[in-house]
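What follows is a short report on a single structure.
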Amino acid sequence: MTEVTYTEEEKKKILEQLSKKTWKIPELAKVIQMDKAKVKKIVQDLIDQGIAAYWSSGSTTYVATKAYVQELEKKRAQG
Amino acid sequence: MSETPLVDELEKGPWPSFVKEIKKTAENMEKRAAQGMDIKLPKTARALLKQLEISYKDKKTHWKHGGIVSVVGYGGGVIGRYSDLGDKIPEIEHFHTMRINMPTGWFYTTKALRGLCDVWEKWGSGLTNMHGSTGDIIFLGTRSEYLQPCFEDLGNLEIPFDLGGSGSAIRTPSACMGPALCEFACYDTLDLCYELTMTFQNELHRPMYPYKFKFKCSGCPNDCVAAKARADFAIIGNWKDEIKVDQEAVKEYAKWMDIENEVVKLCPTKAISWNGRELKIDAKNCVHCMHCINKMPKALKPGDERGATILIGGKAPFVEGAVIGWVMIPFIEIKKPYEEIKEIATRTLEWWDEEGKFRERLAELIWRKGVREYLKVIGKDVDVRIVKAPRNNPFMFFKKEELRPSPYIEELKKRGMF
């Protein structure tokens, strides 16, 4: 399998979207018109760096920035 | 007066009661905490009963489903759950579920079980579910801040455990007990399941797919893990040659069993004959339903040329309806290191990942794109045994140009009627 590479510009573009809401990867790839494999790679790297995080309903998984997810969780915990 | 009169009703009667079990756990957790043991959530099991009581009164759930999956590096294995009664019952404000990857075939030593329970009593409510429908060990009820230390403690046990799958990922592969316990096993389900688990670790822990994807390994067509109904990728043990018949053992059965009525007449394809001295099976008509083998296990055994059938697409009703897996590979040899199966699985996953819509399972994608395309993806030819339902409608459709023109239609065309 060929290694997926990306630019800082592309990473920034994704990060910007991840700070707005929780995303499904295919949806995110469609909105920013980027190859899904590339989006996955960038998101995975952002998660490894602790910048992005998963949010799961149990059956379906979404991604967003860690800050966004933490804020969302705080709201949910408070009701 | 009990705090939970409605819930207490469920303790009555001779049958097992989850309320009794929750109460037992609550007492145990409170006792251990009073003894000075390091127990972080001694009152959560009791609080669960209080919330249930309120839900029964209000006739609605007080759970909020979903949340963060906060184990470092993982995206699955934890199902977030919060209560909207956090202000009234703070002990149950967070009640996350952890899915723990079970040992293949669900074999445990008591030491392994003790280790699991010790960790869970320290970091969770003490309530467990052995096992969830996918097969995982389910730990019920902990707080967000205890997920990581609990996960680390599980990994540091002498017999360590890892989280299982959840969300849009490969779910924890499961297998029947196979050759460890069953003479019908046509391949080593335990080993293949372990190999698949290890091969797809990244896909199991890091959810990036359109939806869930399940592998299940059954050793024979009895399909004790119900792979064909529940797994997108079911590997069901099978054999190519004839059922092995021990005529002497058949005669032993004949002494007390009505072979004609209990076996011969119940064969779905009438492939068996019995003349009182000899049992014959017409292998060409045998559909491997296992009925005769199950009835006379000492006399009949699966054949020697053993392997598996791969069924694709089994799933529950959500989105487009339930599907019983379709035979895609009628027979495949199952040999370590299982390269062929892994290759087929990898190609399947890549195709589904690329083409699948949100929450579209593999069966629904095949419905949408066609079996022909899927077979191209996995590099297999069409086989007459690929049918949508047994002895029913053909599943493989031909392209228009491949069809021989119908003389009837041609005649209608000539007459300008078509």
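Below, chains carry the letters A, B, ... as their sequence lines are ordered, and counting in each starts from 1.
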Please indicate whether [X] has more than 12 foreign heavy atoms, meaning atoms of other residues, nucleotides or ligands, lying under 6.0 Å from its [atom1].
{"X": "A/Lys21", "atom1": "NZ", "value": "yes"}
{"X": "A/Gln49", "atom1": "CD", "value": "yes"}
{"X": "A/Gln33", "atom1": "CD", "value": "no"}
{"X": "A/Lys66", "atom1": "NZ", "value": "no"}

*For B/Tyr374, which residues count as a side-chain hydrogen bond (donor to acceptor under 3.5 Å, both in side chains) partner, sequence neighbours excluded?*
B/Thr348

_Under the side-chain hydrogen bond (donor to acceptor under 3.5 Å, both in side chains) test, residues paired with A/Lys40 that sit two or more places apart_ = B/Asp353

_Only pairs of heavy atoms separated by less than 4.5 Å count here; which of B/Ala169, B/Pro210, B/Gly356, B/Pro207 has the most with chain A?_
B/Pro207

*asked:* Taking side chain as everything from C-beta outward and backbone as N, CA, C, O, which of these in B/Arg171 sits under 4.5 Å from a heavy atom of chain A? Side chain, backbone, both or neither.
replied: side chain

Between [Y] and [X], is there a side-chain heavy-atom distance shorter than 4.5 Å?
{"X": "A/Tyr62", "Y": "B/Ser168", "result": "no"}
{"X": "B/Arg206", "Y": "A/Val43", "result": "no"}
{"X": "B/Phe358", "Y": "A/Pro26", "result": "no"}

*Check A/Ser56 against B/Gly167 and note the closest heavy-atom contact, atom names and distance.*
OG-CA, 4.3 Å

Supply the atom-to-atom distance [X] [atom1] to [Y] [atom2], rounded to the nearest 0.5 angstrom.
{"X": "B/His205", "Y": "A/Tyr54", "atom1": "NE2", "atom2": "OH", "value": "11.0 Å"}
{"X": "A/Thr60", "Y": "B/Tyr209", "atom1": "OG1", "atom2": "OH", "value": "15.5 Å"}
{"X": "A/Lys24", "Y": "B/Arg359", "atom1": "NZ", "atom2": "CZ", "value": "8.0 Å"}

*asked:* Among A/Gln44, A/Gln70, A/Lys36, which residue has the highest count of heavy-atom pairs closer than 4.5 Å to chain B?
replied: A/Gln44

